[in-house]
A.B. asks: 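My structure is below; once you've seen it, I'll send some questions.
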Amino acid sequence: MKNRTHMNSMTFLVLIVILFSCNGADNRSEKRAKRAAESKKDIMIAVVDSSSTASLFTDGVKLAVSNLNASGGISGRNIDLVFYDDNGSPEKGRIIAEKIANNLDVIAVIGHRFSEVAIPVSITYEKNGIFFIATGATDDDLIREEGMFTIRNIPSEENFGKESASFAHRNHFNKMVILFDSESSGRRSAEIFYQHANLMGIKIVSEKSYSGYQSDYRYLIADLIKGPKFDAIFLGGTMPSAAHMINQIRSIGITVPIIGTEMMDTPKLINISGKAANETVVPSIFDPKLPEQLTITFVEEFKKKYGVEPDSFAAQGYDAINLIAYAAEKSGYIVPIALSTTLKLLNKWKGVTGKYSFNHSGDISGKAIFFKIIKNGNYTFLERERRE
């Protein structure tokens with residue numbers, strides 16, 4: 001038995017070397033894979049948060065690791081986390097990615113919330129043979145056909161935009177205004193929303209851009225009042241500027257519903273905007289009241305440990321760790337390429353945010369997107385009757 005296991009391990013290592021040689025991979029990729037396959041030490045995973053937008057992401061990660069380590073870890077090996085903060089900065093992200101790449105003990109990275117950071121660092125991780133789960137980056141350009149090590153456990157901006165347009169259509173918002181931050185991912189979100197809304201017969205009566213670096217949007221908003229009437233606003237923005245925009249929209253007397261982006265799915269929106277945030281709708285992939293035992297248990301454990309209800313980022317981090325654990329157990333190898341390949345074949349795996357399936361490129365498919373509205377300073381989930 002020992003000899004056969006050893007032979008299987010050696011065969012696997014040979015296959016890894018051949019694979020990397022054929023793909024012209026950096027020598028560090030081979031060294032990392034070989035070290036991961038032979039190591040008996042703790043499994044090292046890098047976690048990169050983006051503190052520019054407050055969330056409970058790292059708390060979700062820590063809870064998952066605590067639970068796994070308490071139950072024997074992965075194949076008898078504990079998980080060891082190393083934390084970084086890219087602060088939403090591409091330059092900081094680059095420095096962190098290079099630091100992680102130089103540490104051959106790191107087999108996986110989760111995090112890098114913003115697409116403008118996640119896309120360039122994914123190239124570094126690909127080159128260095130590090131498995132990367134992006135937990136917040138929705139840009140379509142993140143997932144590439146030639147990518148071997150990158151997946152994301154959040155839908156693409158194309159999916160979010162299409163579902164947001166469908167939500168507007170279901171709620172009979174026949175005439176809408178689009179506002180978007182021209183210097184962020186909000187621009188692309190607005191383009192996608194416009195495309196799908198137009199196909200569904202929603203008339204866009206006005207479309208205006210702004211800069212997240214501005215502080216006064218009143219002249220722009222005043223133009224909306226002078227223009228054609230509208231039923232709702234699509235706000236392609238990111239935090240915190242989107243919250244300031246909402247404040248000024250309400251202060252000038254506009255009361256129609258506002259549909260935001262997934263980047264606005266944070267308690268910080270309510271903290272900044274207060275009552276002005278009422279009637280703002282945001283898409284989310286996590287409903288803490290999802291009637292599934294995994295979700296129920298996760299929410300109970302999280303509240304017991306941290307005293308608050310988990311947000312979507314906490315759930316994303318929790319699921320990302322458990323995806324890695326599943327892939328390692330399923331494949332029998334705690335090696336980056338084995339983790340990536342196993343998850344790209346995944347079909348309807350259950351996490352706390354619902355079911356997971358991935359395509360061969362590493363994009364998540366069929367992921368449910370929920371909508372929640374702010375009323376009286378709290379989020380209320382909508383359309384529960386439409387769910388399976």
Side-chain angles (χ1 to χ4, degrees), residues 50-55 85-93 112-120 136-139 157 160-161 164-165 168 173 175-195 197 204-283 373-374 377:
S50 300
S51 63
S52 57
T53 300
S55 78
D85 179 9
D86 66 25
N87 200 35
S89 162
E91 178 59 19
K92 286 186 178 180
H112 290 295
R113 190 176 311 162
F114 299 97
S115 296
E116 55 266 36
V117 182
I119 292 173
T138 59
D139 194 299
E157 58 190 357
F160 275 112
S164 293
F173 299 151
K175 296 180 179 180
M176 292 188 64
V177 162
I178 292 178
L179 302 177
F180 64 91
D181 183 344
S182 61
E183 298 169 341
S184 76
S185 59
R187 170 188 283 275
R188 180 59 183 151
S189 297
E191 290 173 353
I192 295 168
F193 180 85
Y194 180 96
Q195 176 188 357
I204 306 302
V205 300
S206 182
E207 186 176 12
K208 295 183 180 295
S209 67
Y210 65 94
S211 168
Y213 297 105
Q214 294 174 245
S215 59
D216 190 344
Y217 308 117
R218 286 174 296 179
Y219 288 108
L220 181 153
I221 299 167
D223 282 343
L224 298 181
I225 296 177
K226 298 174 185 176
K229 291 184 178 181
F230 49 91
D231 305 316
I233 296 170
F234 177 80
L235 178 56
T238 59
M239 296 293 293
S241 59
H244 298 310
M245 172 63 82
I246 289 172
N247 281 343
Q248 294 181 40
I249 287 173
R250 297 311 190 204
S251 70
I252 210 165
I254 298 175
T255 59
V256 299
I258 298 170
I259 301 176
T261 67
E262 73 282 354
M263 294 307 298
M264 295 162 60
D265 178 19
T266 166
K268 194 173 182 179
L269 175 58
I270 297 174
N271 294 340
I272 294 175
S273 295
K275 292 181 179 179
N278 286 337
E279 300 304 315
T280 298
V281 176
V282 295
I373 189 169
I374 300 173

A.B. asks: Check for a donor-acceptor pair, side chain of Ser182 on one end and backbone N or O of Tyr210 on the other, with a separation under 3.5 Å.
C.D. replies: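 Yes, because the side chain of Ser182 sits within donor-acceptor range (under 3.5 Å) of the backbone of Tyr210.
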A.B. asks: Indicate the atoms forming the closest heavy-atom contact of Ile272 with Asn247, along with that distance.
C.D. replies: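 Scanning both residues, the minimum pair turns out to be O-ND2, 3.6 Å.
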A.B. asks: The test is side chain to side chain contact (heavy atoms under 4.5 Å, CB included); show your working for Val177 and Val205 and say whether it passes.
C.D. replies: CA-CA 6 Å; Val177 162; Val205 300; 3.8 Å; yes
A.B. asks: Would you check if the side chain of Thr266 reaches a backbone N or O of Leu269 as a donor-acceptor pair within less than 3.5 Å?
C.D. replies: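 No, because the side chain of Thr266 does not come within donor-acceptor range (under 3.5 Å) of the backbone of Leu269.
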A.B. asks: Which is it for Lys175 and Ile204 under the side chain to side chain contact (heavy atoms under 4.5 Å, CB included) test, yes or no, and what are the steps along the way?
C.D. replies: CA-CA 6 Å; Lys175 296 180 179 180; Ile204 306 302; over 6 Å; no
A.B. asks: Are Glu279 and Thr255 linked by a side-chain donor-acceptor pair shorter than 3.5 Å?
C.D. replies: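 Thr255 and Glu279 do not have a side-chain donor-acceptor pair below 3.5 Å.
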A.B. asks: Just how far is it from atom CD1 of Ile254 to atom CD1 of Ile246, taken to the nearest 0.5 Å?
C.D. replies: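 Taking CD1 in Ile254 and CD1 in Ile246, the distance rounds to 12.0 Å.
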A.B. asks: Supply the atom-to-atom distance Ser273 OG to His244 NE2, rounded to the nearest 0.5 angstrom.
C.D. replies: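 With rounding to 0.5 Å, OG (Ser273) is 8.0 Å from NE2 (His244).
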A.B. asks: For Phe234 versus Ser164, what's the shortest heavy-atom pair and its separation?
C.D. replies: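 Minimum heavy-atom separation between Phe234 and Ser164: CE1-CB, 4.4 Å.
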A.B. asks: Has Ser50 got a side-chain atom pairing as donor or acceptor with His112's backbone, closer than 3.5 angstrom?
C.D. replies: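 Flag not set: sc Ser50 to bb His112 has no pair under 3.5 Å.
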A.B. asks: To the nearest 0.5 angstrom, please state how far the OG atom of Ser51 sits from the CG atom of Asp86.
C.D. replies: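 One finds 8.0 Å between OG of Ser51 and CG of Asp86.
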A.B. asks: Nearest 0.5 angstrom please: Ile178 CD1 to Glu207 CD, how far?
C.D. replies: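 Nearest 0.5 Å value for the CD1-CD distance: 5.0 Å.
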A.B. asks: Are any non-hydrogen side-chain atoms of Phe180 and Ser189 less than 4.5 angstrom apart?
C.D. replies: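 The answer is no; the side chains never approach within 4.5 Å.
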A.B. asks: If you compare all heavy atoms of Gly237 against all heavy atoms of Asp181, which two are closest, and at what distance to 0.1 Å?
C.D. replies: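 Of all heavy-atom pairs spanning Gly237 and Asp181, the closest is CA-CB, 4.4 Å.
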A.B. asks: Between Glu262 and Pro283, which heavy-atom pair has the shortest distance, and what is it?
C.D. replies: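 Looks like N-CG, 3.6 Å.
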A.B. asks: Main chain of Arg218, side chain of Asp216: is a donor-acceptor contact present, judged purely on distance under 3.5 Å?
C.D. replies: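 Pair found, side chain donor or acceptor close to backbone of Arg218.
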A.B. asks: Would you call Leu179 and Leu220 a side-chain contact if the rule is heavy atoms closer than 4.5 Å?
C.D. replies: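 They are in side-chain contact.
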A.B. asks: Taking the side chain as C-beta and beyond, is there a heavy-atom pair between Val256 and Met176 under 4.5 Å?
C.D. replies: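 The answer is no, as the side chains (C-beta and beyond) never meet within the 4.5 Å cut-off.
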A.B. asks: Output the distance between atom CG (Asp139) and atom CD (Glu116), rounded to the nearest 0.5 Å.
C.D. replies: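 It comes to 8.5 Å.
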A.B. asks: Taking atom CD1 of Ile270 and atom NZ of Lys275, what is their separation to the nearest 0.5 Å?
C.D. replies: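 Going from the CD1 atom of Ile270 to the NZ atom of Lys275 covers 14.0 Å.
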A.B. asks: Over all heavy atoms of both residues, which pair between Phe114 and Gly88 is shortest? Give the atoms and the distance, please.
C.D. replies: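 That closest heavy-atom pairing would be CD1-CA, 3.6 Å.
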A.B. asks: Go through the steps to decide whether Met264 and Thr238 satisfy the test side chain to side chain contact (heavy atoms under 4.5 Å, CB included), and finish with yes or no.
C.D. replies: CA-CA 6 Å; Met264 295 162 60; Thr238 59; over 6 Å; no
A.B. asks: Do Lys268 and Ser55 come close enough that some side-chain heavy atom pair is under 4.5 Å?
C.D. replies: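 A side-chain contact under 4.5 Å is absent here.
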A.B. asks: Is any side-chain heavy atom of Tyr194 closer than 4.5 Å to one of Glu191?
C.D. replies: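 Contact flag for Glu191/Tyr194 side chains = no.
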A.B. asks: I'd like to know if the side chain of Thr138 pairs up with that of Arg188 as donor and acceptor (distance under 3.5 Å, no hydrogens or angles considered).
C.D. replies: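 Their side chains do not contain a donor-acceptor pair, so the 3.5 Å distance test is not met.
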A.B. asks: Nearest heavy-atom pair of Gly161 and Ile192: which atoms, and what distance?
C.D. replies: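 Scanning both residues completely, I find the closest heavy atoms to be CA-CG2, 3.7 Å.
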A.B. asks: Any side-chain heavy-atom pair from Arg250 and Ile258 closer than 4.5 angstrom?
C.D. replies: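 In contact.
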A.B. asks: Determine whether a donor-acceptor pair (N or O, by modelled atom type, separation under 3.5 Å) exists between the side chain of Gln248 and the backbone of Tyr217.
C.D. replies: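 Here the side-chain-to-backbone pair exists.
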